[in-house]
Amino acid sequence: MEIILLGPPGAGKGTQAALLEDAYGMVQLSTGDMLRAAVKAGTEVGLKAKAVMDAGGLVSDEIVSGIIGDRLDELGPDTGVIFDGYPRTAPQAEALDAILAARGRKLDHVIELEVDEDALVDRITGRYTCAACNAGYHDRYKQPAKEGVCDECGGSEFKRRPDDNEETVRTRMAEYRGKTAPILPIYDARGIVTRVDGMAAIDDVTAAIKAVLG
Ligand code: AP5
């Protein structure tokens, strides 16, 4: 099964993808995570992507479609994939069709997480993660049980994404409205889009997605 999780920054794509990975044995392919790893490793892709990401813009279609194709080739043909943050533009949607067809795969579902943009700014600007295990926290909604100590691994270092400030988040949202939301009709025309209330509690969102996937 191949699915796309679509929604603006902070809609909960990464949160839901991680939960669905566990439930269905699928693999999450997050272009955001892959690009951040490339930035950290100082690769050529990372060097090209960093300034664009920090400003809230979109990295070039060729780069992201290239890394998606490469990553799919590393997976066995029977491993289902959750696309998180890809495709984000019409050329990326077109590239994904070609990438999947070349590997004997096809899209089964597109899940759009519908959310309120003002709430998203609050979600994103307050979030932080454990530097060691990446467990997610939020200034107001989810703090570690013991202050300054990660619940999951006991680590004491935490980090915030450089693009999680309000100004950049607003730019990312504008990119979503202008370039990503317009690709939905492509999938609507195929009858594979389901809209899910992304403002519901995390478990309820997961349950709604599971009801679609079966
Ligand atoms: P990317 O990493 O994909 O960021 P994003 O799309 O902006 O999405 P986020 O990771 O911020 O949010 P999310 O929807 O995953 O929400 P999350 O689950 O974390 O991309 C970053 C950058 O990389 C882009 O700006 C671009 O530059 C570049 N890039 C990436 N892909 C690209 C592509 N294809 N093409 C070109 N450039 C690309 O949740 C957010 C917070 O909310 C968390 O704290 C979470 O705990 C909380 N939360 C989640 N769900 C709920 C809920 N239901 N109720 C309450 N809180 C919730």
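Because only heavy atoms are used, hydrogens play no part in the values below, and waters and symmetry mates are left out as well, while side chains stay in. Both ligands and their constituent atoms are indexed starting at 1 by order of listing. Remember, it's a predicted structure, so these values are computed and weren't measured experimentally.
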* Are any of the side-chain heavy atoms of Arg172 and Val169 separated by less than 4.5 Å? -> yes

* Asked: Non-hydrogen atoms of Lys142 versus ligand 1: any pair closer than 4.0 Å?
  -> no

* Evaluate the side-chain proximity of Tyr24 to Ile82: yes if any heavy-atom separation is below 4.5 Å, no if none is. => no

* **Winner among Lys13, Arg161, Lys50 once heavy atoms are compared against atom 4 (O) of ligand 1** => Arg161

* **CG on Leu120 to OG1 on Thr125, rounded to 0.5 Å** => 10.5 Å

* Do any heavy atoms of Arg36 fall under 4.0 Å from ligand 1? -> yes

* Residues Asp108 and Lys106 bridged, charged N to O under 4.0 Å -> yes

* Proximal ligand 1 atoms for Met53, defined as those under 4.0 Å from one of its heavy atoms -> 22 (C), 23 (O), 27 (O), 28 (C)

* Asked: Would you call Gly198 a ligand 1 contact, heavy-atom distance under 4.0 Å?
  -> yes

* To do: Identify the protein heavy atom lying closest to atom 35 (N) of ligand 1, giving its residue, its atom name and the separation to 0.1 Å.
  => Gln92 NE2, 2.9 Å

* Asked: For atom 26 (C) of ligand 1, which of Gly57, Ala18, Ala11, Gly32 has the closest heavy atom?
  -> Gly57

* Asked: Is the shortest N/O to N/O distance between Gly14 and ligand 1 below 3.5 Å?
  -> yes

* To do: May I ask you to test the Leu96-Tyr86 pair for a side-chain heavy-atom distance under 4.5 Å?
  => yes

* **Geometric N/O contact Val52 with ligand 1, under 3.5 angstrom** => no

* With the threshold set at 4.0 Å, does a side-chain nitrogen-carboxylate oxygen contact exist between Arg123 and Asp116? -> no

* Can you check whether Gly85 has an N/O within less than 3.5 Å of an N/O in ligand 1? -> yes

* Within a strict 4.5 Å, meaning less than it, do heavy atoms of the Arg127 and Asp164 side chains meet? -> yes

* Asked: Considering only heavy atoms from C-beta outward, does the side chain of Thr180 approach that of Gln92 to under 4.5 Å?
  -> no

* Asked: When you check the gap from the basic side-chain N to the acidic O, do Asp203 and Lys210 get nearer than 4.0 Å?
  -> no

* Could you say whether the N/O atoms of Val64 and ligand 1 ever approach to under 3.5 Å? => no

* **Ala200 touching ligand 1 at heavy-atom level, < 4.0 angstrom** => yes

* Option whose closest heavy atom lies nearest to atom 31 (N) of ligand 1, chosen from Val115, Thr31, Leu58 -> Thr31

* To do: For ligand 1, find out whether one of its N or O atoms is nearer than 3.5 Å to an N or O atom of Val205.
  => no

* Which residues pass the ring-ring contact (aromatic ring centres under 6.0 Å, His included) test with Tyr128, sequence neighbours left out? -> Tyr137, Phe158

* Note: Asp139-Arg160 ion pair, threshold 4.0 Å (strictly below) -> yes

* **Heavy atom of the protein closest to atom 7 (O) of ligand 1 (residue, atom name, distance)** => Arg172 NH2, 2.7 Å

* Asked: Which protein non-hydrogen atom lies closest to atom 56 (N) of ligand 1, naming both residue and atom, and how far is it?
  -> Arg123 NE, 3.5 Å

* Asked: If you measure from atom 5 (P) of ligand 1 to every heavy atom of Glu175, Arg127, Arg88, which option wins on shortest distance?
  -> Arg88

* Asked: Can you tell me which residue and heavy atom of the protein come closest to atom 37 (N) of ligand 1, and the distance to 0.1 Å?
  -> Val59 N, 3.0 Å

* To do: State plainly whether the residues Arg170 and Asp163 are in salt-bridge range, i.e. N to O under 4.0 Å.
  => no

* Asked: Nearest to atom 16 (O) of ligand 1, what protein heavy atom do you find, and at what distance?
  -> Gly12 N, 3.2 Å

* Would you say Gly10 and ligand 1 have an N/O pair spaced under 3.5 Å apart? -> yes

* Side-chain touch Gln16/Val196, heavy atoms, less than 4.5 angstrom -> no

* Structure fact -> Filtering Thr15, Leu35, Thr171 for the heavy atom nearest atom 28 (C) of ligand 1 leaves Leu35

